[in-house]
Protein chains: 2
Amino acid sequence: MTSTDPSRPHPAWLPPEAFRAIGAHHTLVYGDGTLVDTVYDEVGRARARYGGTVRRLSGQATEPERAGADETPADLVLALAPTGSPPAGGALPAEVGSELGAEVAGLGPEGFALARRGGVTVLLAAAPAGLLYGLFHLVRLGPAAFGADRPVEAHRPALRLRLVSHWDNLDVHPVMGQVERGYAGGSIFWRDGAPAGDPERIRAYARLLAACGMNAMTVNNVNVHGTATRLLTDRLDDVAAIADLVRPYGIRVHLSVNFAAPVSLGELPTADPLDERVRAWWAKAAGRLYEAIPDFGGFMVKADSEGQPGPYRYRRDHADGANMLADALAPFGGVVHWRAFVYNHRQDWRDRSTDRARAAYDHFTPLDGRFRDNVILQVKHGPIDFQVREPVSPVLTAMPNTRLALEVQATQEYTGQQRHVCYLGPYWSEVLRFAPWGPGRPTVASLVAGPADDGDGAPAGNGGGASAGGGGLVVVSNVGDDHYWTGHPLAQANLYAVGRLAWAPDLDPVAVLDEWIDLTFPASATGDPDSEPGAGSDGEPGIGSDGELGTEPDSGSDRKPDADRETLRGTLHALMDDSWRTYERYTAPLGVGFMVAPGHHYGPDVDGYEYSRWGTYHFADRDGVGVDRTRASGTGFTGQYPQPWSDRYESLADCPDNLLLFFHHVPYRHVLRSGATVVQHIYDTHFAGVDQVARMRRRWDRIGGSGLVDAALHARVADRLAEQQRCAEEWRDQVNTYFLRKSGVPDAHGRRIH
Amino acid sequence: MTSTDPSRPHPAWLPPEAFRAIGAHHTLVYGDGTLVDTVYDEVGRARARYGGTVRRLSGQATEPERAGADETPADLVLALAPTGSPPAGGALPAEVGSELGAEVAGLGPEGFALARRGGVTVLLAAAPAGLLYGLFHLVRLGPAAFGADRPVEAHRPALRLRLVSHWDNLDVHPVMGQVERGYAGGSIFWRDGAPAGDPERIRAYARLLAACGMNAMTVNNVNVHGTATRLLTDRLDDVAAIADLVRPYGIRVHLSVNFAAPVSLGELPTADPLDERVRAWWAKAAGRLYEAIPDFGGFMVKADSEGQPGPYRYRRDHADGANMLADALAPFGGVVHWRAFVYNHRQDWRDRSTDRARAAYDHFTPLDGRFRDNVILQVKHGPIDFQVREPVSPVLTAMPNTRLALEVQATQEYTGQQRHVCYLGPYWSEVLRFAPWGPGRPTVASLVAGPADDGDGAPAGNGGGASAGGGGLVVVSNVGDDHYWTGHPLAQANLYAVGRLAWAPDLDPVAVLDEWIDLTFPASATGDPDSEPGAGSDGEPGIGSDGELGTEPDSGSDRKPDADRETLRGTLHALMDDSWRTYERYTAPLGVGFMVAPGHHYGPDVDGYEYSRWGTYHFADRDGVGVDRTRASGTGFTGQYPQPWSDRYESLADCPDNLLLFFHHVPYRHVLRSGATVVQHIYDTHFAGVDQVARMRRRWDRIGGSGLVDAALHARVADRLAEQQRCAEEWRDQVNTYFLRKSGVPDAHGRRIH
């Protein structure tokens, strides 16, 4: 086992060992540009470690130079298509080059095609970004890229914009700290109003992002206050410095801006989006930005949301506000991410007619068609706020003439705050694959992909998508300056998975986890340097017959993983595969949401938000619980969905159990589709959830001292599992006691409820 | 009406007009010492304003000087008894002098006697402090001190130690701010770790304290952290500077200390109270203190309480800890205030066997008799924590061989945080007059007074008191650097009242309020400079037949107050007399306590502490509510009381309604002694409490613009009444909704519950 250097950030899914296969071969890198330089450097570092060779050939190479390259045998060719047919490189049959060349023509700037024939692996891309993503694809393939022949395969991202949103504050917020809802230490970008001062860390981060498929990021919190406002003006150089660091990995920098910046910076008396001075101010700001950062991505705006300023102050609407910023960015090709997270955050809990779930739809759908092509409406995946279980936001289904982005949250605000294991890949996968109009119709993934603009790689749009394409995916970062990046070492998998799912929403999240395991815990780090990691397995662990979590994964592949690796893999799958559902079991039941401690959102407080202004209620009384959002007798929220879901959610009989209390207020003895009563379901899942955490903990303890993982990492996870168990027990006991006290219904199994 | 200077602190109960009567007369001040200087200065300032005269005669005066004084007629003589028979002063019959002289002999250092005969008012004291208190007594009397003859009357404080405890932090605490649980701005002593920089304000504060009868104060929070620890060492000069400012008003300075100071200051490896190095360290610290502050009062210690260090860390008990500090102070005459606020603040809510109410008794009563004579055990008035309704702490009844102090809280942590009108005089009066062994037996006031050490003025002890006397009263300050001192202008009355009740616990709190009204809003400030304020009335306002609060007070005295003054007086009584019970009505019912928002403790959160570690639960379920503290079936806390209260609290039939849920868990339909069911009582009081607040507000609005009070003060109170009403409605609605949802019992009167 190799220990990682505790003085440097943990390598996450890019330890040097991940490049073993590539580094052992003879590589030709062919093409020009910053990102091709990056590819060359990456291969060079791997080569230095594993004994291969690497050569570089410019697209401007002369015929003799090309011929010379052809003469030197390479068994890995990474080439840009625009540079012309790649050098054949030794034994590579010429037809492979032209097959690949035909393929990449339709893959766009980030796509790539690859094949292996006659002992040579060739990867071709139409643009440098594609070559970089192709390289990381090879990293994932590992030795499989260099074994038997591989037929031509083509890859391109399903979603073109894949952005990490950092809620990093510049100034330390008195309550939220350096990173709002951050659970991984400080910010990698900022410290006390100044740059954090570790450029290497930012570069390493960009590399990790590229390796999982992300291509953009914001560098500051959507709540923009104080110094952060000045990133637009006199602190612009700080943004440019970050952009310079991440550019080599194909990451574009976006900026969160305060809609009232012209006013709060003291430069104008108004921020009215229709005021010419305001428009000129933003145009000038955009010009400055693009002068400093030619590939600047654009603005992200939280407007008229939770106290942030916005166009409402000037009696303008969101389209007026977003379009004004869009017009400022349009000459430079930038986009505006405009958040749809708008609701009344000063609701009166006595008012049952107002339904926060309705808010985004009610605010935004009337504006469909009015947004500029370079406005992206950024929609949280559920109608409330990143709860452990929510239905998909109906806004995603109702704005065919608007570019829509799906916003998900990797930082575990409501899902255990990186003290709990909660692998969110399965949740995001469910959301992305959800088909609002029923099976065979467009999915959420296709809605945010938008209509395909070329080729065959992208999923079909919903037929009425915005002409400029979809808005892609935005994920709220879970990263900080913690050694492991994410506080909980296993939370790294969430960032990895979201990138992979944004690239390919159809991926099986358990298979993605397997990729992450192979990369993060390579063979040489598990006591057997000769063993080659496999590409993972489809085996989906469950609860074995002995009552312990996690059968060993199916090893029906052609790899021969050693027993230690399979033990580790099995352990990680046992801990992580089902961890989101485990978290759901011991927290708020049946989609009812919240029940968290107000403010910091960690741990249970069943009535914590029940009498608050936040619009997040469960309405539990002595008879029943849940929110009636039906058209028949409730807030009518079900009517925001298209068929068949509109009727399915409306129907008490058809509504999925796991969302029952989101849509219906039911008696405690209401019988679920599962056959259990609501109250017995609450008891059962809460006992089961805690039991699962106890098993996870025992499972992890079993590999302690085995050398299968770094001892410090093992200790960190063990500590957090202990806290997870304590907290899960607290959830179990508070929720069960609350409902026993309210319902008076005893547990059918006579277990102890306090 | 005179407006007060907004740039200077509000004069509170010492506006210049309060000295009108004294200032108009011819005064002789006879005696020496700092406090006599103060008396002379006070009279001098009044004289300058109101045209009288004042002369000073030293106790060392020669016979000719004395004779000369005798020849100049004075109609007010303020004299120290030890200086010999006072000069007769014109028409004063000689026998008055000797009558008074005989009287003061038994009154102790703070007592005084006064009489008026033949047009001369004579006030005699055995020591300078008595003269100062006598002067403020004359201020309260106003013109009544200078009218008809007055027979000899003697005054002395019932409680010898009357201390204001400031929870003022030196450093700004990240959560608690500059003043812990402070609702009146910053600290008058400290700002950001340094002295606050306004000596005049501290001097004015000392004067206010003396005028209501307090004689000691701590200058820092009982939670001692950071810089505050260094007040013992290199920041000692800051304490001495405050002592110098307050000494002229008879206020002694005490210091809150951290029990682990020798360790936290890095000077010793241990704070073990039996370690000789530790004992020597504290002895040296005490020596330094007394060198700088010869009249230093002593230490206040929060030990082994809510995370503060204490003797338990060294397997010593509280007597070991307190006695060690007492030994350090004894050579100099200092005392240790040792707080009995010790309980398990990490309780498991699931554990029903632990009862926080029991904790102080269980911890401390076994130590009775073991504390040094200069240790004062400081006991919060109730067994929990300053809730709006608690029974008296049984600790006060169970430690006959220990000096006990009663701790009350003027800062309105749980009683509206100085945004709500909540005059606490009636509550403290109830506590002080409570007779734990039944009528005719010792009261709480007599228990903390201790056995009388001389004369006739002090109430009898309980017969087994500590030989060194009682521990007096400690009040947590409600003062800050706010213009009105207390945030809410009417909250000044709480500080005034606590001083008056500590001096004379038998005072009617409504009469005390009347004193405060007369002083604070003197005639010249109410539009009629010729009208002399009266000494108040006994009329106790209630709800009049018109449904509005506050009948006009009875004007059966011999004064002729003008209508405006009586309107103002009536308004203030209507707002304040019943305000504590009003607050009780709309907050947590029937003594159950808490139900406040966790952390900041403002506003309702019925379940806010129900699943917390703080030991403050109500155990409401669908059937009933309350804490079973009986011997028969509960925690046995009732057994900590002597008879008859032990049995009375134990009995469901006999327990006072207002404490029912403190002692019993009962069904919602349990019928109270009042005849109402518990749940109907909850509904009724919550509706009634809000209605009362609405009436208070209307009453206050009625005098708006009338010039009866300063416009700024009126506006401040009006703003706070608006907030009080909003908050009271929130309390009403949350509490009523909570219990309707839980009990399912509808309101008998069909009022709206959400």
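A note on names: the letters A, B, ... follow the listed sequences, proteins ahead of strands, and every chain is numbered from 1.
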What I'd like to find out is whether the side chain of A:Arg350 reaches to under 4.5 Å of the side chain of B:Arg752, using heavy atoms alone. no
Does the side chain of B:Tyr611 reach to within under 4.5 Å of the side chain of A:Asp733, using non-hydrogen atoms?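 Sidechains of A:Asp733 and B:Tyr611: no contact.
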I'd like to verify something: which residue of A:Val606, A:Leu740, A:Asp607 has the highest number of heavy-atom pairs under 4.5 Å with chain B? A:Asp607
Do A:Lys742 and B:Tyr738 form a cation-pi contact, if we require the NZ or CZ to be under 6.0 Å from the six-membered ring centre and within 45 degrees of the ring's axis?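 Yes, A:Lys742 sits over the ring of B:Tyr738.
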Output yes when a side-chain donor or acceptor of A:Arg622 lies under 3.5 Å from a complementary backbone atom of B:Ser743, and no otherwise.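 The answer is yes, because a donor-acceptor pair under 3.5 Å joins these two groups.
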Does atom CZ of B:Arg751 have more than 12 heavy-atom neighbours from other groups under 6.0 Å away?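 Enclosed: over 12 neighbouring heavy atoms sit under 6.0 Å from CZ of B:Arg751.
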Which portion of A:Ala597 sits near chain B, non-hydrogen atoms under 4.5 angstrom: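 Neither part, no heavy atoms under 4.5 Å.
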Turns out that what part of A:Glu610 lies under 4.5 Å from chain B's heavy atoms comes down to side chain
How long is the straight-line distance from CD of B:Glu730 back to CH2 of A:Trp349, given to the nearest 0.5 Å? 6.0 Å
For each of B:Pro598, B:Pro174, B:Ala620, B:Ser612, tally heavy-atom pairs with chain A at distances under 4.5 Å, and name the one with the top tally. B:Ala620
